[in-house]
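Numbering of ligands and ligand atoms starts at 1, following listing order. Residue numbers start at 1 and run along the sequence shown.
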Amino acid sequence: MTQLAAQLAAVQRQIAQAAVQAGRDPATVRLVAVSKTHPAESVVAAAEAGQRVFGESRVQEAREKIPSCPPGLVWHFIGHLQKNKVRQALPLFGFFHSIDRTALAQAIDRVAGENGQTVEGLLEVNVSGEETKHGFTPEQLRAEFPALAKLPHLRICGLMTMAPYSDDPEEARPFFRALRQMRDELQSAHGHPLPELSMGMSGDFAPAIGEGATLVRIGSSIFGARPLPPE
Ligand SMILES: *Cc1c(COP(=O)(O)O)cnc(C)c1O
């Protein structure tokens, strides 16, 4: 077994443990392997070990990398997206984790419609209120959700957040709980299903799963440290 395959297996085991501890079926948590900054060879190694869903955060990097990767993989966009990159992103990605403003959602919907595509997306919420973080404030989201939920070519199927950085994963738990509560509130207020919660990274995926994560975005625990700091 390669080192990467061993690390991937360890992460899968930890995901399953966290799910069982939370009384959840491990099959309800999907692993998005975040391959940003890592070469296509790393993706190939993870794919050979059975990983199917990969996350990238830059359109240019993805445009160069994805054609060198095996066909049949599923690519999720997880980064901050400029509106003028939507047209380049749409042929590569069918799932967007980080829709952080209404204008971006409208741009994705419009271009997807022109392409005859329908894509899925999550709304990024800045639950911590940190100024350096992207995302809707809870107030903005409450106000703008009805229009977002109606977009015909962008199906909003959940929420995403990033917790503030901390050495102690448990410090992230209140932010994950807040995202779940926000989801529950929107779902019951608007009757729009929001089954997906994208939360938890290498340092904090266990409490995220405890609070209901259905998608965990994990990079460095699988692929090793990145040459550049996370964005
Ligand atoms: C880089 C990144 C991750 C993965 O971070 P790790 O700490 O390497 O697991 C997850 N989510 C987003 C939005 C990222 O940009």
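The contact set between ligand 1 and R217, taken as ligand atoms under 4.0 Å from a residue heavy atom, comprises 4 (C), 9 (O), 10 (C), 11 (N), 12 (C), 13 (C). Applying the 4.0 Å criterion to heavy atoms of R226 picks out, from ligand 1, the atoms 1 (C), 5 (O), 6 (P), 8 (O). Taking every heavy atom of S202 and a limit of under 4.0 angstrom, the matching atoms of ligand 1 come to 6 (P), 7 (O), 8 (O), 9 (O). For ligand 1 and I218, the ligand atoms under 4.0 Å from any heavy atom of the residue are 9 (O). Here is the list of ligand 1 atoms found below 4.0 Å of a heavy atom in G219: 4 (C), 6 (P), 8 (O), 9 (O).
The residue from H76, H80, H134 that alone fulfils the ring-ring contact (aromatic ring centres under 6.0 Å, His included) condition with H97 is H76.
Residues E185 and Q181 have side chains that never bring a donor and an acceptor to within less than 3.5 angstrom of each other. A donor-acceptor pair shorter than 3.5 Å cannot be found between the side chains of R155 and T118.
The aromatic rings of F223 and F54 are tilted relative to each other, their planes meeting at an angle between 30° and 60°.
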Side chain to side chain donor-acceptor pair (under 3.5 Å) between E64 and Q60, intermediate numbers included
CA-CA 6 Å; E64 290 163 15; Q60 190 52 41; 2.9 Å; yes
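Among V34, I222, I78, the residue whose heavy atom lies nearest to atom 13 (C) of ligand 1 is I78.
Look at R87 and E114 and you find a salt bridge, because one of the NZ, NE, NH1 or NH2 atoms lies within 4.0 Å of a carboxylate O, short of that distance.
Residue S57 has no N or O atom closer than 3.5 Å to an N or O atom of ligand 1.
Residue contacts with ligand 1, taken as heavy atom pairs separated by less than 4.0 Å, involve K36 solely via side-chain atoms from C-beta onward.
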